[in-house]
Amino acid sequence: MVTMNLTDADFQRLSSHIKTHYGIDLSQKKQLIVSRLSNTLRANGYSSFSQYVDAIISGKDKDMVTSMLNKLTTNYTYFLREEEHFEFLWNTVLPAFAKKHAQDKVLSIWSAGCSSGEEAYTISMYLKEYFGSQAGSWDTRILATDISQQILNTAQNPVYQEDSLSRLPAAWQKKYFVKGDSGSYTLVPAIRQNVIFRTFNLMDPIKFRRPFDLIFCRNVMIYFDQPTKDALVNRFYNVTVPGGYLFIGHSEGLNKASCPYQYITPAIYQKKG
């Protein structure tokens, strides 16, 4: 099928709008926009990109906006992705915070840009395993946010294929998953109920109830230019408790000159104090 024409003017309007409101830098991605959205335009009765861009900029149809963002970014994830992070969580982070929060028994963790939930649910499994029989006396509910309500609906009603679970220990697969008739898997309630899903745009001010011991924002900032990334990292820093951590994706990097966190190990940073 022949792709629809996207004029330079409409490309500029759309990419500027996406950058301003969602932080995603598509200034060099004109062909990607055309290839991924042309069929969507036709399916929804648009005869030109100009009409579609007008509709997106109007902001009247939030579902259309999130559908566009889903098509232009990649929600590829799986359980136990970047395993080194979870080894550090188990060996360093949880022992320190279990001691620090021995009295209040509250851990505050944020999975920012959580996609279809694998990251947040992996963290939840680690928490259950670490605290064991004491898990019930701790409040370790994880805040998991994404800009897309569509992807959050998937995360809240999770159905995963076997290959998504393949990196998890076999004992965990048996303990925390229920196999469906079609060969797919869902999670047991104890893990699902430990994650709170909310829509949130990372470009917005961060005004959650309490600061965070740990923020996971992995493979999200790859879509941001450096100034947008720097500004977000500073917002994260302001809502991180002293001694708290920020985990980013291994393919990402922070600006050493301006990063307020202290570098600990690849893709792991700490707020000192």
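Computed from a predicted structure; not experimentally measured. Just the heavy atoms: all of them, side chains too, but no hydrogens, waters or symmetry mates, feed the values below.
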query: Which atom names give the shortest non-hydrogen contact between L127 and I142, and what distance separates them?
result: CD1-CD1, 3.9 Å
message: Contact between I24 and T228 at the side-chain level, heavy atoms closer than 4.5 Å - yes or no?
response: no
- prompt: Any side-chain donor paired with an acceptor under 3.5 Å for T7 and D10?
  reply: yes
message: For K174, I'd like to know if atom NZ has over 12 heavy atoms of other residues, nucleotides or ligands within 6.0 Å.
response: no
task: Could you walk me through whether W110 and F208 pass the ring-ring contact (aromatic ring centres under 6.0 Å, His included) test, one step at a time?
output: CA-CA 10 Å; W110 181 13; F208 295 115; 5.2 Å; yes
query: Of all residues at least two apart in sequence or in a different chain, which pass the ring pair (Phe, Tyr, Trp, His ring centres under 6.0 Å) check with Y245?
result: F88
message: Are the side chains of N194 and T140 in contact, using a 4.5 Å heavy-atom criterion?
response: yes
query: What are the two closest heavy atoms between L202 and L232, and how far apart are they?
result: O-CD1, 3.5 Å
- prompt: Looking just at side-chain N and O atoms, do S184 and Q161 make a donor-acceptor pair shorter than 3.5 Å?
  reply: no
- prompt: With a 4.5 Å heavy-atom cut-off, do I57 and V53 have their side chains touching?
  reply: yes
- request: Considering non-hydrogen atoms only, spot the tightest contact between M221 and V233 and give its length.
  value: SD-CG2, 4.0 Å
- request: Check whether any side-chain heavy atom of K30 lies under 4.5 Å from a side-chain heavy atom of D8, and answer yes or no.
  value: yes
task: From the options F197, F216, Y176, select the one residue that forms a ring pair (Phe, Tyr, Trp, His ring centres under 6.0 Å) with Y121.
output: F197
- request: Ignoring hydrogens and angles, state whether a donor on the side chain of H85 or R218 is under 3.5 Å from an acceptor on the partner side chain.
  value: yes
message: Under the ring-ring contact (aromatic ring centres under 6.0 Å, His included) definition, can you give me all pairs with a residue in residues 137-161, not counting sequence neighbours?
response: F79-Y160, F131-W138
- prompt: Would a 4.5 Å heavy-atom cut-off, applied to side chains only, mark F224 and D25 as touching?
  reply: no
Between side-chain atoms of residues 261-269 and protein atoms elsewhere (two or more places apart, or another chain), which donor-acceptor pairs fall under 3.5 Å?
residue, atom, partner, partner atom, Å
Y261, OH, F236, O, 3.2
Y261, OH, Y237, N, 3.1
Y261, OH, T240, OG1, 2.7

- prompt: Does a sphere of radius 6.0 Å around NZ in K105 hold more than 12 heavy atoms from other residues, nucleotides or ligands, not counting ones at 6.0 Å or beyond?
  reply: yes
field: Side chain to side chain, F49 and N5, heavy atoms closer than 4.5 Å
entry: no
message: Students often mix this up, so state it plainly: with edges at 30° and 60°, are the rings of H101 and F97 parallel, tilted or perpendicular?
response: tilted
- prompt: Between I18 and L72, is any pair of side-chain heavy atoms under 4.5 Å apart?
  reply: yes
Side-chain H-bond candidate by donor/acceptor type, K272 with Q270, under 3.5 Å: yes
query: Any side-chain heavy-atom pair from Q150 and S67 closer than 4.5 angstrom?
result: yes
field: Under 3.5 Å side-chain donor-acceptor pair for Q156 and T154
entry: no
- prompt: Should we say atom CZ of R141 is surrounded by more than 12 heavy atoms from elsewhere, each under 6.0 Å from it?
  reply: no
field: Atom CD of E162: over 12 foreign heavy atoms under 6.0 Å
entry: no
